[in-house]
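Accompanying notes for the structure given below.
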Amino acid sequence: MADEVTTEKAASPDHIEKGKLEYVQFDKADRHDKVLNAEARQATANEHDLTFMQAIKTYKRAALWSMLISLTVVMEGYDTTLLGSFFGYPAFRRKYGTYINEKDGWQIDSSWLSGFNGISAVGNLIGALLNGWLAPKYGHRVVLMANLALLSAFIFITFFAPTIEVQFVGQFLCNIPWGVFATTGPSYAAEVAPMALRGYLTAYINLCWCIGQFISAGVLKGLVNDPTDWSYRIPFAVQWVWPIPLFIVALLAPESPWFLVRTGQLEKARRSLERLSQPEHNVDYDATIALMVHTNKIEKDEQAGVSLFDAFKGTNKKRTEIACMAFLSQITNGGALCYTGTFFFQQTGISDDTSYAIGLAGTAIAFMGTVISWLYLARWGRRTIWLYGFFVLVVVLFLIGILACVPEQTIQLAWAQSCLCLVWLGAYSMSVGPIVYTIVSEIGSTRLRTQTVVLGRGTYYIGNLIGGILQPKFMSPTAWNAKGKTAFFWGSLAFLTTVWGLFRLPETKDRTFAEMDFMFQKGIPARKFASYHIDQDEEFLTNEAR
């Protein structure tokens with residue numbers, strides 16, 4: 001129905017009462033009439049005129065709901081640190097590993113390490129693809145609630161797993177809903193927030209990752225010396241804390257107004273906007289909905305479908321490439337080595353207890369780095385922050401590799417490499433980590449935003465799958481045992497990724513979704529996005545006039 005008939009505010013002032021929006025039906029030939037364009041122009045001007053403080057006062061409800069929904073990412077961040085750190089956890093290794101020798105003690109075979117990393121990525125990928133199919137049909141909230149219920153059941157498997165094979169299955173199943181959560185947060189945040197808050201709320205998703213990892217590192221640090229099975233079962237049990245309160249949040253939260261517009265539910269979209277803002281601030285809901293309808297129409301004229309395959313057609317193909325490469329950059333930057341480096345710290349000769357203490361400090365650095373990034377997010381562009389961050393990461397990775405080449409490895413060199421991992425973590429958390437979520441949330445068209453995020457995140461999971469297979473091989477004493485020299489491999493990938501960004505990553509700061517649609521359709525080069533001046537008269541011409 002939504003593809004056949006669009007709803008628009010009546011052209012005559014007689015159809016409009018103050019504080020109440022009435023709609024009339026009109027066919028495809030009338031979709032771009034003067035009233036719709038005038039309202040869309042006004043909404044665009046309103047977006048650009050809105051300052052950060054005005055946006056906070058007017059849309060504090062939108063910010064709150066976005067932050068609450070994004071808390072689902074805390075669970076994925078918690079698990080990422082949890083499972084990776086368990087590979088070096090004494091009690092976990094005794095339960096699921098085999099005895100090697102007096103020096104190495106109990107170890108989980110590198111094939112199982114690779115298998116766990118791989119199956120987690122596969123589960124995440126399945127969850128992301130499911131979200132790309134389900135969310136456009138049922139909305140973010142319904143899909144979120146269903147997966148929270150499923151996760152509560154799957155955690156039982158990991159908690160009671162008697163063998164490593166059962167633990168393997170449990171981790172696979174848990175990662176499916178985590179894949180849904182990781183792709184819901186960016187889409188929802190981008191669609192409920194005004195442009196002035198969009199960067200902060202999407203970057204906040206990385207903070208949720210850091211919160212999850214900080215909690216995980218703290219729990220692990222507190223239980224690392226417990227010789228019983230409860231030292232790893234309690235961390236699994238902590239995961240039951242999240243689903244119930246987050247289910248209630250999703251139940252009460254307003255649905256994305258963009259989703260409601262795309263499905264032809266304009267009155268519900270208006271009510272959603274009212275719930276996301278402060279009515280006393282005289283928000284122009286009519287103009288906002290008109291801009292959504294206008295943007296949806298432009299994108300529909302270029303590509304009518306909303307499937308994952310449509311993300312590879314027309315200008316959406318370039319947007320999908322950017323989303324995929326942006327998320328993949330979180331793998332190619334060396335995160336497998338530095339982000340969850342507890343196992344790396346242990347292999348350099350640092351004790352188990354100290355290694356987990358360093359890991360805990362690293363999560364605190366990641367948290368603070370994300371908060372610091374908010375100070376310059378509005379001043380510098382997304383492209384600038386990403387590029388400068390990658391320059392630093394490349395340098396740090398090669399320094400770690402060079403230190404690892406010193407013939408006689410000492411505890412001082414081990415500490416130097418570990419500290420460089422923390423430097424890497426700080427630079428990453430102040431740049432690439434949070435800004436990728438902002439880039440991916442903004443880059444997709446409004447009709448294909450969830451699908452673009454899903455494909456980008458799916459690429460991340462595939463990269464994580466490959467990295468998860470390779471990294472244990474690099475590090476494990478039962479495999480390649482490369483230790484710090486692994487940084488040369490990741491540094492080379494990071495350098496190549498930086499070259500891609502120089503030529504292909506556009507600037508999305510201070511652009512409405514309609515303006516980005518226009519620039520992509522005009523074929524503006526990525527390096528000129530920031531400086532390109534948009535002629536409003538040309539932007540709002542009908543497709544026939546163009």
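Summarising the geometry of P434 relative to T370, their closest heavy-atom pair is CB-CG2, 4.2 Å, with the distance given to 0.1 Å. The two residues M292 and L273 make their nearest non-hydrogen contact at CE-CD2, 4.1 Å. The nearest pair of heavy atoms linking T320 to A311 is OG1-O, 2.5 Å. Nearest heavy-atom pair across S152 and P243 is OG-CB, 3.1 Å. Residue M195 comes nearest to D510 through the heavy atom pair SD-C, 3.5 Å, listed as atom of the first residue, atom of the second, then distance. Residues Y200 and W374 approach most closely at CE2-O, 3.3 Å, considering heavy atoms.
For the pair N131 (side chain) and G127 (backbone), a donor-acceptor distance under 3.5 Å is absent. For N175 (side chain) and W178 (main-chain N/O), no donor-acceptor pair under 3.5 Å exists by modelled atom type. In terms of modelled atom types and a separation under 3.5 Å, the side chain of S216 and the main chain of G212 share no donor-acceptor contact. Formation of a donor-acceptor pair under 3.5 Å by the R141 side chain with backbone atoms of A250 is found in this model. With hydrogens and angles ignored, the 3.5 Å screen pairs a side-chain donor or acceptor of T263 with a backbone N or O of F259. Between the S272 side chain and the K268 main chain, no donor and acceptor come within less than 3.5 Å of each other. Not a single donor-acceptor pair under 3.5 Å links the side chain of R319 to the backbone N or O of V440. No donor-acceptor pair closer than 3.5 Å links the side chain of T58 to the backbone N or O of A55. A donor-acceptor pair under 3.5 Å links the side-chain atoms of E507 to the main chain of R382, judged by distance alone. Not one N or O on the side chain of T184 forms a donor-acceptor pair closer than 3.5 Å with the backbone of F181.
Note: W258 and F513 have perpendicular aromatic rings, judged against thresholds of 30 and 60 degrees for the angle between ring planes. Note on ring orientation: taking the six-membered ring where Trp is involved, the planes of Y388 and F391 are perpendicular (angle over 60°, cut-offs 30° and 60°). Taking the six-membered ring for Trp and thresholds of 30 and 60 degrees, Y78 and W242 have ring planes more than 60 degrees apart, a perpendicular arrangement. In this structure, F518 and Y532 have tilted ring planes: the angle between them lies in the 30° to 60° band.
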S431 vs V392, side-chain contact (heavy atoms from CB on, under 4.5 Å): CA-CA, chis, key distance, verdict: CA-CA 10 Å; S431 58; V392 176; over 6 Å; no
Before giving the answer on side-chain contact (heavy atoms from CB on, under 4.5 Å), spell out for V454 and W133 the whole-Å C-alpha distance, their side-chain angles and the decisive distance to 0.1 Å. CA-CA 9 Å; V454 163; W133 177 56; over 6 Å; no
Determine, step by step, whether L68 and L71 satisfy the side-chain contact (heavy atoms from CB on, under 4.5 Å) criterion, reporting the C-alpha distance in whole Å, the side-chain angles of both residues, the deciding distance to 0.1 Å, and the verdict. CA-CA 5 Å; L68 289 173; L71 286 176; 4.0 Å; yes
Is there a side-chain contact (heavy atoms from CB on, under 4.5 Å) between S429 and I365? Walk through the geometry before answering. CA-CA 8 Å; S429 302; I365 290 172; 5.7 Å; no
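Counting heavy atoms of neighbouring residues, nucleotides and ligands inside a 6.0 Å radius, atom CD1 of I244 does not exceed 12 of them.
Side-chain atoms of E321 and W500 include a donor-acceptor pair closer than 3.5 Å. Donor-acceptor pairing under 3.5 Å is lacking for the side chains of T295 and T446. Side-chain contact check for Y428 and Q330: at least one donor-acceptor pair (N or O, by modelled atom type) lies under 3.5 Å. With hydrogens and angles left out, the side-chain atoms of S441 and T202 include no donor and acceptor closer than 3.5 Å. Between the side chains of Y285 and S277, at least one donor-acceptor pair of N or O atoms lies under 3.5 Å.
With salt bridges taken as basic N to acidic carboxylate O contacts below 4.0 Å, none links K509 and E442. No salt bridge links D310 with K317; every basic N to acidic carboxylate O contact stays at or beyond 4.0 Å. A salt bridge links R262 with E191: at least one charged nitrogen is closer than 4.0 Å to a carboxylate oxygen.
Under the 4.5 Å side-chain criterion, counting only non-hydrogen atoms from C-beta, E274 is not in contact with V283. By the 4.5 Å heavy-atom criterion applied to side chains, L448 and E299 are not counted as neighbours. Contact check for C174 versus L151: side-chain heavy atoms found under the 4.5 Å cut-off. Looking at heavy atoms from C-beta onward, E255 lies out of side-chain contact with Q265 at the 4.5 angstrom threshold. Taking 4.5 Å as the limit, some side-chain heavy atom of N147 sits within range of a side-chain heavy atom of L150. In this structure the side chain of M325 never reaches within 4.5 angstrom of the side chain of R504, judged on heavy atoms. Inter-residue side-chain proximity for P136 and Q451 is flagged as met; some heavy-atom pair is nearer than 4.5 Å. Residues T452 and I443 have side chains in contact (heavy-atom distance under 4.5 Å, counting atoms from C-beta outward).
Remark: R457 is positioned above the aromatic ring of F327, its terminal NZ or CZ atom under 6.0 angstrom from the ring centre and at most 45 degrees off the axis.
Rounding to the nearest 0.5 angstrom, the gap separating the CZ atom in F390 from the CG atom in L387 is 9.5 Å. For the atom pair R379 CZ and T384 OG1, the distance stands at 13.0 Å (nearest 0.5 Å). Rounding to the nearest 0.5 Å places OG1 of T497 at 11.5 Å from CG of L505. To the nearest 0.5 angstrom, Y437 atom OH is 12.5 Å from I439 atom CD1. Here the straight-line distance linking atom CD1 of I385 with atom CG of L377 works out to 5.0 Å at 0.5 Å rounding. Between atom OG1 of residue T315 and atom CE of residue M519 there is a gap of 12.0 Å, rounded to the nearest 0.5 Å.
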